[in-house]
Visitor: 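Got a structure for you, questions after.
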There are 2 protein chains.
Amino acid sequence: MSTEGEFELIARLAPFLATGGDDLVVGSGDDAAVLDLDGRGVCLAVDVLVDEVHFRRDLSSLADVGWKAVAVNCSDIAAMGATPTVAVVGLCRPASVSGEEIEELYRGMSEACERWGLRLVGGDTVSSQALALSVTVMGDVEPAKAVRRSGARAGDRLVVVGALGAAAAALAGFRAGLDVSDELLAAHRRPIAHVEAGTALANAGATAMIDVSDGFGADLLHICEASEVGALVDAASLPAGVGVAAVAVQLGRDPLEFVAGGGDDYALLAAVPPDAADQIAAALGGAVVGEVTEGGVATLRMGDGTTRDLAGMGWDHYADAGEQA
Amino acid sequence: MSTEGEFELIARLAPFLATGGDDLVVGSGDDAAVLDLDGRGVCLAVDVLVDEVHFRRDLSSLADVGWKAVAVNCSDIAAMGATPTVAVVGLCRPASVSGEEIEELYRGMSEACERWGLRLVGGDTVSSQALALSVTVMGDVEPAKAVRRSGARAGDRLVVVGALGAAAAALAGFRAGLDVSDELLAAHRRPIAHVEAGTALANAGATAMIDVSDGFGADLLHICEASEVGALVDAASLPAGVGVAAVAVQLGRDPLEFVAGGGDDYALLAAVPPDAADQIAAALGGAVVGEVTEGGVATLRMGDGTTRDLAGMGWDHYADAGEQA
């Protein structure tokens with residue numbers, strides 16, 4: 001689906017989605033919804049992975065796919081400052097997929113559940129033409145501590161935890177037939193959700209947070225739009241994944257295309273008050289990459305002092321490449 | 001998928017699914033999982049509907065399909081004695097399905113959400129070859145009042161709320177080219193979740209409960225297996241849907257095939273202590289259809305006094321027909 005089509009669809013469906021009110025602390029349009037149950041905040045996030053759209057079986061094992069389906073949801077939960085608790089899975093199974101293969105998929109989900117301390121508590125497996133998994137993860141958060149996309153304020157620092165560009169570079173290199181390292185491929189196959197970091201950023205007073213799934217630039221713009229702010233980012237400070245630059249050189253592409261435009265990173269991007277940013281970034285092995293500004297423009301400052309408008313950089317096709325296998 | 005294949009798959013995946021313990025009041029293997037959050041019980045149920053497997057677009061509008069995806073999950077929540085609160089949807093969308101059609105699907109989900117008082121709080125829409133919806137519904141229940149499949153005791157009465165056989169008869173009639181009434185077709189297109197009845201049955205002390213999705217006989221056997229009990233059911237007391245008998249006559253089939261074997265009913269079947277059964281059944285417009293017995297045999301007593309073993313009645317293909325469009 002094109003990015004334009006996606007925006008149109010979101011607008012079309014908005015009237016049917018609850019955005020908040022009463023006990024609905026966070027509604028549709030954020031990384032996860034949050035419901036306040038007498039002081040316990042319950043988060044809910046859903047992500048769907050489809051064969052040949054989000055993964056390809058010559059690159060990822062079904063255990064990898066299962067892992068990823070849980071991990072990307074845990075990343076959404078982390079971006080609220082929440083902790084995942086349980087998951088359920090809706091599985092569309094073509095007749096060509098054997099019981100052993102479904103078991104492998106579940107093993108991968110189970111490994112990811114163990115990694116992030118949640119439990120797989122149910123599912124529905126149905127016949128279908130295409131293999132697809134829809135995983136829903138529930139999370140736990142103090143309602144008052146849930147971090148939306150919409151709270152960033154001018155002067156806040158932008159903190160990134162996790163590496164950028166690795167998943168997109170791995171996929172691009174694999175597609176081009178390069179000899180991509182297993183370490184780099186792992187960024188695509190078995191992404192890491194930064195759950196502990198999400199909680200720590202929330203506790204450090206993060207005013208807005210998102211997980212980087214569409215690409216750093218696109219997700220920063222999501223925060224800017226929701227918070228009605230701008231941003232100034234130092235390109236040199238963006239934490240590129242190990243091996244990204246080498247793949248870019250071999251492909252004759254600018255590493256920034258992967259780092260700022262790639263997607264599928266599952267890093268966390270947070271706006272943090274200036275007096276807390278350096279300390280929390282250092283504690284989490286993250287990076288302060290820029291700051292929140294007045295106005296709606298998100299600017300990337302290059303090493304040579306020139307600036308570029310993040311919204312106009314036209315990385316959509318790389319973002320697509322990052323999201324689509 | 002054949003019933004045999006489904007049982008094998010369930011056994012294969014069991015090691016990866018949490019069945020309970022600690023704060024997990026009800027784990028995998030019931031209508032919904034229940035987590036105890038400091039005294040608030042949170043239910044989670046998931047169901048997937050796939051085009052040409054669970055619905056056919058010459059019979060159901062996409063608004064019907066959206067309604068049904070929410071309703072069948074609300075029925076699972078109802079079978080725990082819980083009340084649905086919020087839903088999220090994972091939607092697999094082929095390029096051939098327009099934005100208007102997706103909007104129609106959401107409108108149907110929204111109508112069902114309004115009917116049962118829950119809110120649609122998020123979703124993920126992805127490209128796919130086949131149209132499929134995976135809806136997850138969260139529910140609210142006092143943890144101590146959550147009704148499992150496993151608590152039925154010999155002497156309890158079996159109570160059914162809702163009509164049996166209508167959805168399966170509607171589908172069979174439609175397939176055979178009969179002139180099926182809109183009222184009967186509605187049982188297939190827009191099933192009703194008996195949420196208020198589920199809560200009332202729980203409050204009346206129901207010891208076990210399930211929603212009838214696989215067919216009355218199959219779901220009664222699920223309660224018998226989970227509770228390690230048997231059952232004796234009066235065939236004449238089963239509440240057949242209006243118009244079921246007429247379709248059966250036209251097709252030259254026994255109405256009981258639809259009523260006890262059909263599936264897709266979303267009636268509730270509960271085991272209720274004998275002193276409470278008649279009163280609660282009457283209050284809910286339901287029927288007392290039999291009783292729970294010692295031992296593992298589920299018996300259907302026919303009008304002529306003969307008996308049949310429900311487990312051996314070989315309705316699997318009708319159950320399949322009920323679940324598959």
Side-chain angles (χ1 to χ4, degrees), chain A residues 1 5-6 8-9 12-13 15-18 24 27-30 32-33 35 37-40 42 44-50 52-54 85-86 88-93 95 99 102-103 106-107 109-110 113 119-130 132 134-136 138 140 324, chain B residues 1 5-6 8-9 12-13 15-18 24 27-30 32-33 35 37-40 42 44-50 52-54 85-86 88-93 95 99 102-103 106-107 109-110 113 119-130 132 134-136 138 140 324:
Chain A
M1 199 174 326
E6 192 180 335
E8 282 172 355
L9 189 65
R12 189 188 283 284
L13 303 182
F16 305 114
L17 288 157
L24 189 60
S28 174
D30 216 302
L35 198 67
L37 298 181
D38 294 338
R40 288 292 291 262
V42 181
L44 213 53
V46 60
D47 273 298
V48 186
L49 301 185
V50 178
E52 291 179 27
V53 178
H54 302 92
T85 52
V86 298
V88 293
V89 56
L91 178 58
C92 295
R93 175 194 181 183
I102 299 295
E103 190 177 335
Y106 265 72
R107 183 174 297 116
M109 286 195 285
S110 180
C113 285
R119 289 154 291 178
L120 193 56
V121 297
D124 187 25
T125 298
V126 300
S127 301
S128 176
Q129 291 172 285
S134 176
V135 170
T136 303
M138 204 165 95
D140 191 22
Q324 318 255 324
Chain B
M1 198 173 326
E6 193 180 335
E8 282 172 356
L9 188 65
R12 190 189 280 285
L13 303 182
F16 305 115
L17 289 157
L24 189 61
S28 174
D30 216 303
L35 197 67
L37 299 181
D38 294 338
R40 288 293 291 262
V42 181
L44 213 52
V46 60
D47 273 299
V48 186
L49 300 186
V50 178
E52 291 178 27
V53 178
H54 302 93
T85 52
V86 298
V88 293
V89 56
L91 177 58
C92 295
R93 174 194 182 184
I102 299 294
E103 190 177 334
Y106 266 72
R107 184 174 297 117
M109 288 195 284
S110 180
C113 284
R119 289 154 290 178
L120 193 56
V121 296
D124 186 25
T125 298
V126 300
S127 301
S128 175
Q129 291 172 283
S134 176
V135 170
T136 303
M138 206 164 93
D140 191 22
Q324 318 252 324

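These figures come from a predicted structure and were not determined experimentally. Each chain gets a letter, A, B and so on, in the order its sequence line appears, and its residues count up from 1.
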Visitor: Of the backbone (N, CA, C, O) and the side chain (C-beta and beyond), which part of Ser28(B) lies under 4.5 Å from a heavy atom of chain A, both, or neither?
Guide: both
Visitor: If you count heavy-atom pairs under 4.5 Å with chain A, which of Leu91(B), Asp47(B), Asp140(B) comes out on top?
Guide: Asp47(B)
Visitor: With Ala45(A), which residues qualify under side-chain contact (heavy atoms from CB on, under 4.5 Å), at least two apart?
Guide: Ala32(A), Asn73(A), Asp76(A), Ile77(A)
Visitor: To check you understand the geometry: which heavy-atom pair defines the closest contact between Leu17(A) and Gly122(B), and what is its length?
Guide: CD2-N, 3.8 Å
Visitor: Determine, step by step, whether Leu44(A) and Leu44(B) satisfy the side-chain contact (heavy atoms from CB on, under 4.5 Å) criterion, reporting the C-alpha distance in whole Å, the side-chain angles of both residues, the deciding distance to 0.1 Å, and the verdict.
Guide: CA-CA 10 Å; Leu44(A) 213 53; Leu44(B) 213 52; 4.1 Å; yes
Visitor: Considering only heavy atoms, which portion of Val89(B) lies under 4.5 Å from any heavy atom of chain A: side chain, backbone, both, or neither?
Guide: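 Just its backbone gets close to chain A.
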Visitor: At a 4.5 Å cut-off on heavy atoms, which part of Arg40(B) comes close to chain A: side chain, backbone, both, or neither?
Guide: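 Interface part for Arg40(B): side chain.
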Visitor: Please enumerate all residues that pass side-chain contact (heavy atoms from CB on, under 4.5 Å) together with Cys92(B), with sequence neighbours excluded.
Guide: Val48(A), Val50(A), Ala132(A), Val126(B), Ser128(B), Ala132(B)
Visitor: Assess whether side-chain contact (heavy atoms from CB on, under 4.5 Å) is satisfied between Leu9(B) and Glu103(A), documenting all intermediate values.
Guide: CA-CA 8 Å; Leu9(B) 188 65; Glu103(A) 190 177 335; over 6 Å; no
Visitor: Can you tell which of Ala95(A), Gly123(A), Ala18(A), Ala130(A) has the highest number of heavy-atom pairs within less than 4.5 Å of chain B?
Guide: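 Max contact count across the listed options: Ala18(A).
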Visitor: Please test Met138(B) against Leu35(A) for side-chain contact (heavy atoms from CB on, under 4.5 Å), starting from the C-alpha separation and ending with a verdict.
Guide: CA-CA 10 Å; Met138(B) 206 164 93; Leu35(A) 198 67; 3.5 Å; yes
Visitor: For Leu37(A), is it the side chain, the backbone, both, or neither that has a heavy atom closer than 4.5 Å to a heavy atom of chain B?
Guide: both
Visitor: For chain A, which of Gly90(B), Gly99(B), Cys113(B), Gly27(B) has the most heavy-atom pairs under 4.5 Å?
Guide: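 Looking at each option in turn, the highest pair count goes to Gly99(B).
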Visitor: Using non-hydrogen atoms and a 4.5 Å limit, figure out which bit of Ser134(A) sits close to chain B: side chain, backbone, both or neither.
Guide: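 Answer is both: backbone and side chain atoms of Ser134(A) are under 4.5 Å from chain B.
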Visitor: Looking at Arg107(B), Gln129(B), Met109(B), which one has more heavy-atom pairs under 4.5 Å with chain A than the rest?
Guide: Arg107(B)
Visitor: If I take atom OH from residue Tyr106(B) and atom CZ from residue Arg12(A), how far apart are they, to the nearest 0.5 angstrom?
Guide: 12.5 Å
